[in-house]
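Single-structure report; data block below.
Each ligand, and each atom within it, is numbered from 1 in the order the structure gives.
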Amino acid sequence: MARLEVPRPATFVTLTGFMGVGKSRIGRELARALMLHFIDLDRYIERRTGISIPDIFRHLGEEAFRRMEKEAVRELVGKDYLVLSLGGGTFMDPESQKALLGRGPVVALWASPETILERATRKPGERPLLQVENPLERIRTLLEARAPVYRKAHIHVSTDGRRVEEVVEEIVEKLWRHAEARGA
Ligand code: S3P
């Protein structure tokens, strides 16, 4: 194919952040805006295994799920023209983190624990880690533990009370600035 390419700030973008910050919805729209493919890592694992995430946790355990995530990341960093939305815990793995940070810009999405609670518990049973008596407390503790890792991302954007288009616009702008700073 002729190498005719529209100018783009990046051809591989990773989205990370806590459950319920909007990684999937925003990732899909960001991919559309940049004319890239979109993969949601949770859906990718579900399609590969034929098992839903809650069932993987229930029947195979969290450790098995983490291995699947790691393997999927290892495979997907070899692709291009891709926006990849991770699961909330994927970026905690040092090997995946290093591979993704080295592959292209990593964008962390942020929201308050209250917003996360509202968004992440809409569909009962979908988020195995929040199946506890006090999910808000669980969100606060987990978020506090994970925040230092999310902070390693190159770009940070808040999704609290904002429309998807607005967030996507900010990400695209920041991706350009990031690319320019790197002399691309
Ligand atoms: C998890 C987040 C989920 C999913 C799994 C574990 C986590 O993805 O991968 O339930 O450890 O935070 P989302 O962030 O898309 O909800």
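- Side chain of R138 to backbone of L129: a donor-acceptor contact under 3.5 angstrom is found.
- Remark: ligand 1 and G87 share no N or O pair separated by less than 3.5 Å (distance only, no angle test).
- Few gaps surround CD on E75; more than 12 heavy atoms of other groups in view lie less than 6.0 Å from it.
- At a 3.5 angstrom cut-off on N or O pairs, S24 does not count as close to ligand 1.
- Between W110 and Y150, the ring-plane angle classifies as perpendicular under the 30° and 60° cut-offs.
- K70 contributes no side-chain N or O that, together with a main-chain N or O of S96, makes up a donor-acceptor pair within less than 3.5 Å.
- Looking only at distances, a side-chain donor or acceptor of R8 sits under 3.5 Å from a matching main-chain atom of M35.
- R25 CZ: 12 or fewer foreign heavy atoms inside a 6.0 Å radius.
- Contact check on R43 versus E46 returns a salt bridge, with a Lys/Arg side-chain nitrogen under 4.0 Å from an Asp/Glu carboxylate oxygen.
- Ligand-side atoms of ligand 1 in range of P128: 10 (O), range being under 4.0 angstrom from any heavy atom.
- When the heavy atoms of R119, M92, K23, E126 are ranked by distance to atom 14 (O) of ligand 1, first place goes to K23.
- At least one heavy atom of R146 sits closer than 4.0 Å to an atom of ligand 1.
- Closest protein heavy atom to atom 3 (C) of ligand 1: D42 OD2, 3.5 Å.
- The shortest N/O to N/O separation between R66 and ligand 1 falls below 3.5 Å.
- When only non-hydrogen protein atoms are considered, atom 16 (O) of ligand 1 lies nearest to R127 NE, 2.6 Å.
- Remark: ligand 1 atoms within the under-4.0 Å shell around heavy atoms of L129 are 7 (C), 11 (O).
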